[in-house]
Number of protein chains: 2
Amino acid sequence: MMMTTRSSEQTTAAHDRLYRALRTRIMHGELAPGQALTLRGIGRDYDVSMTPAREALRRLVAEGALFLSSSGRVSTPELSNERIEELAALRALLEVELASRALPRAHMALIDRLQTINATIGEVVVNRDAVGYIRTNLEFHRTLYLRAQAPAMLAMAETVWLQLGPTMRALYGRLRRTDPPHYHKLIIAALKAGDEPGLRLAVRSDVTQGLRMLAG
Amino acid sequence: MMMTTRSSEQTTAAHDRLYRALRTRIMHGELAPGQALTLRGIGRDYDVSMTPAREALRRLVAEGALFLSSSGRVSTPELSNERIEELAALRALLEVELASRALPRAHMALIDRLQTINATIGEVVVNRDAVGYIRTNLEFHRTLYLRAQAPAMLAMAETVWLQLGPTMRALYGRLRRTDPPHYHKLIIAALKAGDEPGLRLAVRSDVTQGLRMLAG
DNA sequence: GGCGCGCAACTGTGATCACAACGCCCCCAT
DNA sequence: ATGGGGGCGTTGTGATCACAGTTGCGCGCC
């Protein structure tokens, strides 16, 4: 079995380490749509055998993060426009609810953190760093939704993010964004004001904005 | 490799057959909460080795259908009341949207089929057949939601059903139900009348009703 | 120069094995 | 009678292998 533990770092299983690493890369848009992944290739890259590689990949397939061809090959998905629209609608549905549940618990410390993250987005965006933009944007949303105290709902929202990861990378590539998302400011303002309808609208608008440039 | 194909029945992979069989059993409430499953046990039951059994189980864990203990053991989940409430809220969120999207496409043939299924629920319920009740009830909902033409959203709703499967079995056991769900009739009536607000309310009520008896 | 065709390398699948860790149960001491 | 400790059986993990299907590339033919 070889036991490739380098020193005494982690007690977590190898397939779990693999899964986490790949999941993060996909969600942050490090992989382009249609990118192929092989068991032996993953195994080589992460210095494990096919077995844990297979488990990590199949788990990501189960979550919709990867596409499984009829012959068993896995790759990042190339989503149809209809699928993208549906996933955006799901994001809106779930995230509006999460934001609404977070609102009563949103104290000033949270709003400060959101403003800090939003400032980081502004820095990242001028460097044309697609991965950094996606990562920081998701961090903004997750920070807010964590306050909702609804783990199952948040997990489901993250699954949608995961499915959209490669597509968002491609989307960002053809998009000449030059300023941080406008609706984030509206979200923060609605949080400060305790304005629930305004918050719902702002979140819905922020989530659906990216879609519009693709369909249009 | 032994190739256990009995005659020439299926070309589908063994782990996929396993996955489908277990998923159906869990979703229909054939397994009680806390039921333990072992790789070698599953392999013995379905006449395969540990490898496909492991894949099927890990996939179900990824979907939240099974619980993975810290030591790697898998079992059906024993949900906390908070978790149940959250999953019910998710059902309401997703299914209200699915029903709303199905409404404009709901023709008479669909309504007839829903009424037929609803009649079947009435038959099943007098036999105190928990599995049959859950299966037919889900068939009622799925038949309606299929018209929404929103596969990703439907898949997410099914994932929630899957997570609730064992709990719904336990719920049904302690519940002395004697008649078919009242709100199904309201759903059908709202569909006939093209009444969208009424439909949303009826679906939300139907989905949340089961929860109330647990919390109460 | 373009178009098939066939072969070789590659990929996923499932079986099997070695190993370590966990759990359970029985036995003994108090 | 009861509580704790030790040992054995069971469980998951990861590596490896044989095999079959697929891919794709290069060679030869038209």
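Just so we're on the same page: letters track the sequence lines, and every chain starts at 1.
Between the OH atom of A:Y19 and the P atom of D:dG14 there is a distance of 16 Å, given to the nearest Å. The NE2-C1' distance, from B:H15 to C:dA15, rounds to 14 Å in whole Å. Rounded to a whole Å, the CZ atom of B:R58 is 12 Å from the C1' atom of D:dG14. Protein atom CG of B:L68 is 14 Å distant from nucleotide atom P of C:dC22, rounded to whole Å. Following rounding to the nearest Å, A:L39 (CG) and D:dG14 (C1') show an atom-to-atom distance of 14 Å. Atom CG in B:D16 sits roughly 12 Å away from atom C1' in C:dT13 (whole-Å rounding). C:dC19 atom C1' lies 12 Å from atom CE of B:M50, rounded to whole Å. In this structure, CD of A:E55 is placed 15 Å from P of C:dG12, rounded to the nearest angstrom.
Of the two residues near DNA chain D, A:R73 and B:G72, the one whose nearest nucleotide lies more 5' is B:G72.
Partner of B:H184 under the side chain to side chain contact (heavy atoms under 4.5 Å, CB included) criterion, out of B:I117, B:L144, B:N137: B:N137 alone.
Side chains of B:L138 and B:E158 form no contact here, defined as non-hydrogen atoms less than 4.5 Å apart.
Comparing C:dG12, C:dA15, D:dT16 against the side chain of A:T51 picks out D:dT16 as the nearest. Side chain of A:A13, nearest nucleotide from D:dG14, C:dT13, D:dA15: D:dG14.
To the nearest 0.5 Å, atoms CG (A:L90) and CE (A:M156) are separated by 9.5 Å. Note: A:Y19 OH to A:T24 OG1 = 9.0 Å, rounded to the nearest 0.5 Å.
With hydrogens and angles ignored, no donor-acceptor pair under 3.5 angstrom links the side chain of A:R54 to the base of D:dG14. Evaluation of atom-type donor-acceptor distances gives a pair under 3.5 Å for the side chain of A:R40 against the base of C:dG12. Checked by distance alone, B:S71 brings no side-chain donor or acceptor within 3.5 Å of a matching partner on the base of C:dA21.
Remark: A:Q115 CD is packed, more than 12 non-hydrogen atoms of other residues, nucleotides or ligands lying under 6.0 Å away.
Residue-level contact check: A:I42 touches neither bases nor backbone, having no heavy atom under 4.0 Å from any strand.
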